[in-house]
Asks: 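The structure under discussion is supplied below as C-alpha coordinates; questions concerning it will follow.
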Amino acid sequence: MIIRFGYVAMSVEVKNASPSKTMTATQFAKLTDREAAIRKLERIAAENLHNTLRLLRHNKAHDIKLYRFSSKLIPLAGHELLADWDPFPPLLAAFREVGEYVQENSMRVSFHPDHFTVLSTPREEVLANSIADLDRHARMLEAMGLSKAAKCNIHIGGSYGNKDKALTRFISNVKELPVRIRERLMFENDDKTFTAKETLQACQELDMPMVLDIHHHAVNNEGERIEDLWPAIAATWKQTALPPKIHVSSPKSEKDPRGHADYVQADEIARALRTITPHSQELDVMIEAKQKDGALFKLMDDLREYKEAERLNQAAIQWS
DNA sequence: ACCTGTCAAGTCTGG
DNA sequence: CCAGACTTGACAGGT
(Lines give C-alpha, C1' and ligand atoms only; values in the text may rest on other atoms or scores of the structure.)
Protein backbone atom coordinates (compact mmCIF):
# COMPACT_ATOMS: atom_id res chain seq x y z
CA MET A 1 0.00 0.00 0.00
CA ILE A 2 1.45 3.31 -1.09
CA ILE A 3 -0.19 6.49 0.11
CA ARG A 4 0.39 9.97 -1.24
CA PHE A 5 -0.76 12.99 0.74
CA GLY A 6 -1.66 16.42 -0.51
CA TYR A 7 -3.22 19.71 0.52
CA VAL A 8 -5.43 22.44 -0.84
CA ALA A 9 -4.41 25.58 -2.72
CA MET A 10 -2.34 27.57 -0.23
CA SER A 11 0.61 27.08 2.09
CA VAL A 12 1.07 28.32 5.63
CA GLU A 13 4.83 27.96 5.20
CA VAL A 14 5.51 29.77 1.93
CA LYS A 15 4.85 33.42 2.66
CA ASN A 16 3.08 35.85 0.33
CA ALA A 17 2.25 33.08 -2.10
CA SER A 18 -1.51 33.36 -2.49
CA PRO A 19 -2.76 31.73 -5.72
CA SER A 20 -6.15 33.42 -5.24
CA LYS A 21 -5.53 37.15 -5.42
CA THR A 22 -8.43 38.99 -6.97
CA MET A 23 -10.15 42.29 -7.67
CA THR A 24 -13.74 42.98 -6.71
CA ALA A 25 -16.27 43.60 -9.44
CA THR A 26 -17.05 46.96 -7.80
CA GLN A 27 -13.44 48.08 -8.06
CA PHE A 28 -13.22 46.86 -11.63
CA ALA A 29 -16.33 48.81 -12.58
CA LYS A 30 -14.93 51.95 -10.95
CA LEU A 31 -11.88 52.03 -13.20
CA THR A 32 -12.51 54.34 -16.13
CA ASP A 33 -9.88 52.87 -18.43
CA ARG A 34 -11.40 49.46 -19.07
CA GLU A 35 -8.45 48.17 -21.09
CA ALA A 36 -6.07 49.08 -18.29
CA ALA A 37 -8.40 47.39 -15.80
CA ILE A 38 -8.35 44.20 -17.87
CA ARG A 39 -4.54 44.33 -18.05
CA LYS A 40 -4.57 44.54 -14.26
CA LEU A 41 -6.74 41.41 -14.01
CA GLU A 42 -4.30 39.64 -16.29
CA ARG A 43 -1.37 40.72 -14.10
CA ILE A 44 -3.15 39.37 -11.03
CA ALA A 45 -3.81 36.06 -12.81
CA ALA A 46 -0.17 35.82 -13.88
CA GLU A 47 0.84 36.42 -10.27
CA ASN A 48 -1.53 33.69 -9.08
CA LEU A 49 0.02 31.26 -11.57
CA HIS A 50 3.51 32.32 -10.52
CA ASN A 51 2.61 31.67 -6.88
CA THR A 52 1.11 28.32 -7.88
CA LEU A 53 4.48 27.39 -9.38
CA ARG A 54 6.25 28.50 -6.19
CA LEU A 55 3.93 26.24 -4.20
CA LEU A 56 4.62 23.31 -6.53
CA ARG A 57 8.36 23.82 -6.01
CA HIS A 58 7.75 23.85 -2.26
CA ASN A 59 5.75 20.64 -2.67
CA LYS A 60 8.55 19.00 -4.61
CA ALA A 61 11.06 19.94 -1.92
CA HIS A 62 8.85 18.13 0.60
CA ASP A 63 7.99 15.21 -1.67
CA ILE A 64 4.33 16.18 -1.87
CA LYS A 65 2.88 14.80 -5.08
CA LEU A 66 -0.75 15.72 -4.57
CA TYR A 67 -2.11 19.24 -4.86
CA ARG A 68 -5.39 21.02 -5.50
CA PHE A 69 -5.23 24.24 -7.49
CA SER A 70 -7.12 27.31 -6.39
CA SER A 71 -10.28 27.83 -8.44
CA LYS A 72 -9.65 31.56 -8.26
CA LEU A 73 -6.54 31.66 -10.43
CA ILE A 74 -8.21 34.06 -12.88
CA PRO A 75 -9.94 36.92 -11.05
CA LEU A 76 -13.51 37.71 -12.11
CA ALA A 77 -13.46 34.91 -14.68
CA GLY A 78 -17.04 34.34 -15.77
CA HIS A 79 -18.33 37.59 -14.32
CA GLU A 80 -20.93 39.26 -16.49
CA LEU A 81 -18.88 42.45 -16.57
CA LEU A 82 -16.20 40.52 -18.42
CA ALA A 83 -18.25 38.47 -20.85
CA ASP A 84 -16.12 39.64 -23.80
CA TRP A 85 -12.78 38.95 -22.11
CA ASP A 86 -10.73 35.92 -23.05
CA PRO A 87 -8.01 35.70 -20.40
CA PHE A 88 -6.31 32.66 -21.88
CA PRO A 89 -4.16 33.98 -24.74
CA PRO A 90 -1.98 36.25 -22.54
CA LEU A 91 -1.73 33.53 -19.86
CA LEU A 92 -0.96 30.52 -22.02
CA ALA A 93 2.78 30.52 -21.32
CA ALA A 94 2.21 30.80 -17.57
CA PHE A 95 -0.34 27.97 -17.61
CA ARG A 96 2.00 25.85 -19.71
CA GLU A 97 4.88 26.39 -17.30
CA VAL A 98 2.77 25.14 -14.39
CA GLY A 99 1.63 22.11 -16.38
CA GLU A 100 5.14 21.20 -17.44
CA TYR A 101 6.35 21.32 -13.85
CA VAL A 102 3.49 19.04 -12.82
CA GLN A 103 4.38 16.52 -15.52
CA GLU A 104 8.14 16.64 -14.99
CA ASN A 105 7.60 15.78 -11.35
CA SER A 106 4.78 13.26 -11.77
CA MET A 107 2.36 15.20 -9.61
CA ARG A 108 -1.37 14.61 -9.37
CA VAL A 109 -3.33 17.85 -9.49
CA SER A 110 -7.00 18.74 -9.42
CA PHE A 111 -9.53 21.51 -9.14
CA HIS A 112 -12.56 21.75 -6.88
CA PRO A 113 -15.01 24.22 -8.45
CA ASP A 114 -17.01 25.67 -5.58
CA HIS A 115 -20.49 24.68 -4.53
CA PHE A 116 -22.18 27.21 -6.80
CA THR A 117 -21.45 24.87 -9.64
CA VAL A 118 -24.40 22.50 -9.45
CA LEU A 119 -25.47 20.02 -12.10
CA SER A 120 -28.59 18.89 -10.23
CA THR A 121 -30.24 22.30 -10.53
CA PRO A 122 -33.65 22.69 -12.15
CA ARG A 123 -32.80 26.28 -13.11
CA GLU A 124 -31.61 26.71 -16.65
CA GLU A 125 -29.40 29.75 -16.01
CA VAL A 126 -27.75 28.07 -13.02
CA LEU A 127 -27.01 25.03 -15.16
CA ALA A 128 -25.61 27.24 -17.94
CA ASN A 129 -23.36 29.08 -15.45
CA SER A 130 -22.25 25.77 -13.96
CA ILE A 131 -21.31 24.34 -17.35
CA ALA A 132 -19.47 27.56 -18.21
CA ASP A 133 -17.53 27.27 -14.95
CA LEU A 134 -16.62 23.64 -15.65
CA ASP A 135 -15.62 24.63 -19.17
CA ARG A 136 -13.26 27.26 -17.74
CA HIS A 137 -11.72 24.74 -15.37
CA ALA A 138 -11.25 22.25 -18.21
CA ARG A 139 -9.70 25.01 -20.31
CA MET A 140 -7.20 25.79 -17.57
CA LEU A 141 -6.11 22.16 -17.40
CA GLU A 142 -5.90 22.07 -21.20
CA ALA A 143 -3.84 25.26 -21.18
CA MET A 144 -1.47 23.53 -18.79
CA GLY A 145 -1.22 20.70 -21.28
CA LEU A 146 -2.32 18.14 -18.71
CA SER A 147 -3.97 14.83 -19.57
CA LYS A 148 -7.44 13.93 -18.37
CA ALA A 149 -5.80 12.45 -15.28
CA ALA A 150 -6.04 16.02 -13.97
CA LYS A 151 -9.65 16.27 -12.92
CA CYS A 152 -12.25 18.52 -11.34
CA ASN A 153 -14.10 17.39 -8.27
CA ILE A 154 -17.66 18.56 -7.57
CA HIS A 155 -20.63 17.58 -5.46
CA ILE A 156 -23.93 16.38 -6.86
CA GLY A 157 -25.73 19.48 -5.59
CA GLY A 158 -29.07 20.34 -4.00
CA SER A 159 -32.08 18.06 -3.65
CA TYR A 160 -34.83 20.69 -4.14
CA GLY A 161 -37.27 18.74 -2.02
CA ASN A 162 -37.01 15.61 -4.16
CA LYS A 163 -33.72 13.76 -4.06
CA ASP A 164 -34.66 11.14 -6.63
CA LYS A 165 -35.67 13.73 -9.20
CA ALA A 166 -32.58 15.82 -8.47
CA LEU A 167 -30.37 12.78 -8.94
CA THR A 168 -32.06 11.87 -12.22
CA ARG A 169 -31.61 15.45 -13.43
CA PHE A 170 -27.98 15.40 -12.35
CA ILE A 171 -27.25 12.19 -14.23
CA SER A 172 -28.96 13.39 -17.37
CA ASN A 173 -27.12 16.74 -17.23
CA VAL A 174 -23.78 14.99 -16.78
CA LYS A 175 -24.50 12.72 -19.73
CA GLU A 176 -25.14 15.74 -21.92
CA LEU A 177 -21.89 17.49 -21.05
CA PRO A 178 -19.24 17.79 -23.76
CA VAL A 179 -16.87 14.82 -23.54
CA ARG A 180 -13.82 16.99 -22.82
CA ILE A 181 -15.58 18.31 -19.70
CA ARG A 182 -17.12 15.02 -18.62
CA GLU A 183 -13.82 13.14 -18.78
CA ARG A 184 -12.36 15.73 -16.36
CA LEU A 185 -15.02 15.19 -13.70
CA MET A 186 -15.23 13.20 -10.49
CA PHE A 187 -17.94 13.37 -7.83
CA GLU A 188 -17.73 13.60 -4.06
CA ASN A 189 -20.24 12.82 -1.32
CA ASP A 190 -21.26 15.97 0.56
CA ASP A 191 -21.93 16.74 4.22
CA LYS A 192 -25.63 17.58 3.99
CA THR A 193 -27.44 16.12 1.01
CA PHE A 194 -26.03 13.29 -1.09
CA THR A 195 -24.46 10.50 0.98
CA ALA A 196 -21.51 8.35 -0.06
CA LYS A 197 -23.90 5.54 -0.99
CA GLU A 198 -26.02 7.80 -3.20
CA THR A 199 -22.97 9.41 -4.80
CA LEU A 200 -21.56 5.96 -5.48
CA GLN A 201 -24.78 4.92 -7.22
CA ALA A 202 -24.57 7.98 -9.47
CA CYS A 203 -20.91 7.32 -10.25
CA GLN A 204 -21.64 3.69 -11.07
CA GLU A 205 -24.47 4.63 -13.40
CA LEU A 206 -22.28 7.23 -15.12
CA ASP A 207 -19.13 5.08 -15.02
CA MET A 208 -17.22 7.99 -13.47
CA PRO A 209 -14.83 8.12 -10.51
CA MET A 210 -15.93 8.91 -6.97
CA VAL A 211 -13.96 10.78 -4.32
CA LEU A 212 -14.84 9.57 -0.84
CA ASP A 213 -14.81 12.26 1.82
CA ILE A 214 -14.45 10.47 5.15
CA HIS A 215 -15.53 13.48 7.21
CA HIS A 216 -18.63 14.14 5.09
CA HIS A 217 -19.56 10.49 5.40
CA ALA A 218 -19.24 10.71 9.17
CA VAL A 219 -21.79 13.55 9.34
CA ASN A 220 -24.06 12.44 6.48
CA ASN A 221 -24.91 8.76 6.25
CA GLU A 222 -27.75 6.33 6.83
CA GLY A 223 -25.75 3.81 8.77
CA GLU A 224 -23.64 2.53 5.88
CA ARG A 225 -20.11 1.53 6.76
CA ILE A 226 -17.09 2.67 4.75
CA GLU A 227 -15.63 -0.81 4.69
CA ASP A 228 -18.76 -2.03 2.91
CA LEU A 229 -18.82 0.83 0.39
CA TRP A 230 -15.10 1.07 -0.28
CA PRO A 231 -14.54 -1.82 -2.73
CA ALA A 232 -17.20 -0.41 -5.05
CA ILE A 233 -15.89 3.16 -4.65
CA ALA A 234 -12.35 2.00 -5.47
CA ALA A 235 -13.73 0.18 -8.51
CA THR A 236 -15.00 3.46 -9.98
CA TRP A 237 -11.32 4.40 -10.47
CA LYS A 238 -10.33 1.29 -12.41
CA GLN A 239 -11.07 2.73 -15.83
CA THR A 240 -8.98 5.85 -15.09
CA ALA A 241 -5.76 4.01 -14.18
CA LEU A 242 -5.46 6.47 -11.27
CA PRO A 243 -5.25 5.51 -7.60
CA PRO A 244 -8.51 6.15 -5.74
CA LYS A 245 -8.67 9.44 -3.94
CA ILE A 246 -10.15 10.32 -0.57
CA HIS A 247 -10.58 13.54 1.39
CA VAL A 248 -9.77 13.63 5.07
CA SER A 249 -10.48 16.33 7.63
CA SER A 250 -11.36 16.50 11.29
CA PRO A 251 -14.46 18.13 12.80
CA LYS A 252 -13.88 21.66 14.06
CA SER A 253 -15.77 21.11 17.31
CA GLU A 254 -18.77 19.38 18.85
CA LYS A 255 -20.74 22.52 18.21
CA ASP A 256 -19.64 22.65 14.59
CA PRO A 257 -19.07 19.03 13.58
CA ARG A 258 -19.15 19.88 9.87
CA GLY A 259 -16.49 22.58 10.04
CA HIS A 260 -12.86 21.84 9.29
CA ALA A 261 -10.41 21.82 12.19
CA ASP A 262 -6.95 23.38 12.02
CA TYR A 263 -5.30 19.98 11.92
CA VAL A 264 -6.22 16.36 11.19
CA GLN A 265 -6.40 13.83 13.99
CA ALA A 266 -3.93 11.06 13.31
CA ASP A 267 -6.18 8.43 14.84
CA GLU A 268 -8.95 9.55 12.51
CA ILE A 269 -6.89 8.81 9.44
CA ALA A 270 -5.30 5.72 10.94
CA ARG A 271 -8.78 4.29 11.39
CA ALA A 272 -9.72 5.13 7.81
CA LEU A 273 -6.52 3.63 6.47
CA ARG A 274 -7.03 0.43 8.42
CA THR A 275 -10.44 0.16 6.77
CA ILE A 276 -9.41 1.04 3.27
CA THR A 277 -5.93 -0.35 2.80
CA PRO A 278 -6.81 -4.04 2.67
CA HIS A 279 -8.70 -3.35 -0.55
CA SER A 280 -6.33 -1.04 -2.42
CA GLN A 281 -2.68 -1.02 -3.45
CA GLU A 282 -2.46 2.73 -3.89
CA LEU A 283 -4.32 5.63 -2.35
CA ASP A 284 -4.19 9.40 -2.66
CA VAL A 285 -5.28 11.36 0.40
CA MET A 286 -6.22 15.02 0.23
CA ILE A 287 -5.91 16.72 3.61
CA GLU A 288 -8.47 19.48 4.12
CA ALA A 289 -7.44 21.48 7.16
CA LYS A 290 -7.14 25.14 8.06
CA GLN A 291 -3.41 24.76 8.56
CA LYS A 292 -3.06 23.45 4.99
CA ASP A 293 0.43 22.01 4.39
CA GLY A 294 1.21 22.64 8.06
CA ALA A 295 -1.48 20.11 8.97
CA LEU A 296 -0.02 17.72 6.42
CA PHE A 297 3.48 17.90 7.92
CA LYS A 298 2.11 17.43 11.43
CA LEU A 299 0.05 14.45 10.31
CA MET A 300 3.07 12.79 8.72
CA ASP A 301 5.02 13.21 11.97
CA ASP A 302 2.13 11.80 13.97
CA LEU A 303 1.71 8.85 11.62
CA ARG A 304 5.42 8.12 11.86
CA GLU A 305 5.00 7.85 15.62
CA TYR A 306 1.97 5.63 15.12
CA LYS A 307 3.96 3.37 12.90
CA GLU A 308 6.89 3.20 15.29
CA ALA A 309 4.50 2.34 18.09
CA GLU A 310 2.98 -0.24 15.74
CA ARG A 311 -0.45 1.20 16.40
CA LEU A 312 -1.17 1.49 12.70
CA ASN A 313 -0.95 -2.30 12.53
CA GLN A 314 -0.21 -2.18 8.82
CA ALA A 315 3.47 -2.80 8.20
CA ALA A 316 2.91 -2.65 4.46
CA ILE A 317 1.72 0.95 4.48
CA GLN A 318 4.23 3.38 3.06
CA TRP A 319 4.04 7.07 2.44
CA SER A 320 6.33 9.82 1.43
C1' DA B 1 0.26 47.08 11.22
C1' DC B 2 -4.10 45.73 12.39
C1' DC B 3 -9.17 45.52 12.63
C1' DT B 4 -13.98 45.19 10.79
C1' DG B 5 -17.06 44.89 7.27
C1' DT B 6 -17.93 43.39 2.52
C1' DC B 7 -17.88 40.49 -1.45
C1' DA B 8 -18.96 36.56 -4.83
C1' DA B 9 -21.93 32.45 -5.89
C1' DG B 10 -26.64 28.85 -5.08
C1' DT B 11 -29.45 26.47 -1.82
C1' DC B 12 -32.05 26.05 2.15
C1' DT B 13 -34.39 27.66 6.29
C1' DG B 14 -37.08 30.70 9.03
C1' DG B 15 -40.23 34.17 9.37
C1' DC C 1 -42.04 35.34 -0.78
C1' DC C 2 -38.15 37.48 0.84
C1' DA C 3 -34.23 38.06 4.00
C1' DG C 4 -30.56 35.87 6.13
C1' DA C 5 -27.28 31.84 7.03
C1' DC C 6 -23.97 29.12 5.22
C1' DT C 7 -18.53 29.23 3.60
C1' DT C 8 -13.97 31.05 2.35
C1' DG C 9 -9.97 33.97 1.29
C1' DA C 10 -9.14 38.34 0.16
C1' DC C 11 -10.29 43.02 -0.71
C1' DA C 12 -11.56 47.79 1.02
C1' DG C 13 -11.51 51.20 4.05
C1' DG C 14 -10.93 52.70 8.52
C1' DT C 15 -7.86 53.78 12.54
Side-chain angles (χ1 to χ4, degrees), chain A residues 7-31 37 40-41 43-45 47-52 55 67-83 85 87 111-137 152-163 165-167 169-170 173 188-195 198 213 215-216 219-220 247 249-253 255-262 286-295:
Chain A
Y7 67 98
V8 177
M10 44 187 296
S11 165
V12 297
E13 295 212 342
V14 187
K15 300 301 173 192
N16 303 310
S18 168
S20 311
K21 285 180 170 294
T22 189
M23 185 196 299
T24 61
T26 314
Q27 288 301 309
F28 178 84
K30 271 190 206 166
L31 299 172
K40 187 167 180 185
L41 291 178
R43 278 201 304 277
I44 293 171
E47 195 181 340
N48 288 338
L49 286 165
H50 173 71
N51 282 337
T52 297
L55 293 169
Y67 176 69
R68 183 194 299 166
F69 292 124
S70 162
S71 277
K72 299 189 177 76
L73 291 173
I74 306 174
L76 296 182
H79 197 282
E80 56 176 8
L81 283 174
L82 287 142
W85 175 46
F111 276 116
H112 193 343
D114 62 35
H115 62 284
F116 310 115
T117 290
V118 277
L119 297 177
S120 68
T121 185
R123 295 165 59 194
E124 225 170 280
E125 74 277 19
V126 173
L127 180 62
N129 288 339
S130 298
I131 294 172
D133 191 41
L134 292 175
D135 178 73
R136 264 191 309 280
H137 280 88
C152 302
N153 176 55
I154 57 171
H155 298 289
I156 290 178
S159 61
Y160 313 88
N162 188 331
K163 236 187 206 185
K165 275 191 177 173
L167 202 54
R169 204 161 44 229
F170 170 82
N173 285 338
E188 175 195 350
N189 57 308
D190 70 76
D191 58 355
K192 282 196 165 138
T193 311
F194 289 98
T195 63
E198 291 160 341
D213 188 308
H215 183 186
H216 291 167
V219 295
N220 183 24
H247 290 177
S249 49
S250 291
K252 188 170 187 174
S253 62
K255 212 176 103 183
D256 180 12
R258 287 191 180 89
H260 286 180
D262 288 356
M286 186 59 78
I287 300 299
E288 299 182 326
K290 298 267 185 226
Q291 290 300 309
K292 306 293 180 183
D293 55 337

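Chain A is the first sequence line, chain B the second, and so forth, proteins listed ahead of strands; every chain is numbered from 1. Just so it is clear, the values below take in all heavy atoms, side chains as well, and ignore hydrogens, waters and symmetry mates.
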Asks: Are any of S18(A)'s side-chain N or O atoms less than 4.0 Å away from OP1 or OP2 of dG9(C)?
Replies: no

Asks: Go through dC11(C), dC12(B), dG9(C) for me and flag the one nearest to the S20(A) side chain.
Replies: dG9(C)

Asks: Write down the distance between NE2 (H215(A)) and C1' (dT7(C)), rounded to a whole number of angstrom.
Replies: 14 Å

Asks: How long is the line joining CZ of R258(A) and P of dT7(C), in whole Å?
Replies: 9 Å

Asks: Calculate the interatomic distance between F194(A) atom CZ and dG10(B) atom P; express it in whole Å.
Replies: 18 Å

Asks: So, is K292(A) close to the dG9(C) phosphate, meaning a side-chain N or O under 4.0 Å from OP1 or OP2?
Replies: yes

Asks: Given dA8(B), is OP1 or OP2 found less than 4.0 Å from the side-chain N or O atoms of K72(A)?
Replies: no

Asks: So which nucleotide from dT8(C), dT11(B), dT7(C) ends up closest to the side chain of V126(A)?
Replies: dT11(B)

Asks: Return the nearest nucleotide to the side chain of Q27(A); candidates are dG13(C), dT11(B), dA8(B).
Replies: dG13(C)

Asks: The side chain of N129(A) is closest to which nucleotide in this list: dG9(C), dG10(B), dA10(C)?
Replies: dG10(B)

Asks: Taking the six-membered ring for Trp, are H260(A) and H215(A) parallel (under 30°), tilted (30 to 60°) or perpendicular (over 60°)?
Replies: tilted

Asks: Could you tell me the separation between the CG atom of D191(A) and the P atom of dT7(C), rounded to a whole number of Å?
Replies: 8 Å

Asks: For the side chain of D293(A) and the backbone of V12(A), is there at least one donor-acceptor N/O pair under 3.5 Å apart?
Replies: yes

Asks: Please state whether the phosphate of dC12(B), meaning OP1 or OP2, lies under 4.0 angstrom from any side-chain nitrogen or oxygen of Y160(A).
Replies: no

Asks: T26(A) side chain: which of dC12(B), dT7(C), dA8(B) is closest?
Replies: dA8(B)

Asks: According to the interplanar angle, ranging from 0 to 90°, do the rings of H247(A) and H112(A) count as parallel (below 30°), tilted (30 to 60°) or perpendicular (above 60°)?
Replies: tilted

Asks: With a 4.0 Å limit, can you tell me whether S159(A) has a side-chain N or O closer than that to the phosphate oxygens OP1/OP2 of dT11(B)?
Replies: no

Asks: Counting N and O atoms only, with roles assigned by atom type, does the side chain of N51(A) sit under 3.5 Å from a partner on the main chain of S18(A), one being a donor and the other an acceptor?
Replies: yes

Asks: Please determine, for the side chain of M10(A), which listed nucleotide (dG9(C), dC12(B), dC11(C)) has the closest atom?
Replies: dG9(C)

Asks: In this structure, how many angstroms lie between the C1' atom of dA8(B) and the CG atom of D133(A), rounded?
Replies: 12 Å

Asks: Quick check for you: among dG9(C), dT11(B), dA8(B), whose closest atom lies nearest to any side-chain atom of T121(A)?
Replies: dT11(B)

Asks: Rounded to the nearest angstrom, tell me the gap between atom NE2 in H112(A) and atom C1' in dT7(C).
Replies: 12 Å

Asks: I'd like to know whether NZ of K292(A) has more than 12 heavy-atom contacts from other residues, nucleotides or ligands below 6.0 angstrom.
Replies: yes

Asks: In whole Å, I'd like the distance from the NE2 atom of H260(A) to the P atom of dC6(C).
Replies: 16 Å

Asks: Where the side chain of T24(A) is concerned, which of dC11(C), dC12(B), dT8(C) is the nearest nucleotide?
Replies: dC11(C)

Asks: Find the distance L76(A):CG to dC11(C):P and express it as a whole number of Å.
Replies: 12 Å

Asks: With the side chain of K30(A) defined as its heavy atoms from C-beta on, choose the nearest nucleotide among dT11(B), dG13(C), dC11(C).
Replies: dG13(C)

Asks: Does a sphere of radius 6.0 Å around CD in E124(A) hold more than 12 heavy atoms from other residues, nucleotides or ligands, not counting ones at 6.0 Å or beyond?
Replies: no

Asks: Please give the distance between the P atoms of dT7(C) and dG14(B) as a whole number of Å.
Replies: 15 Å

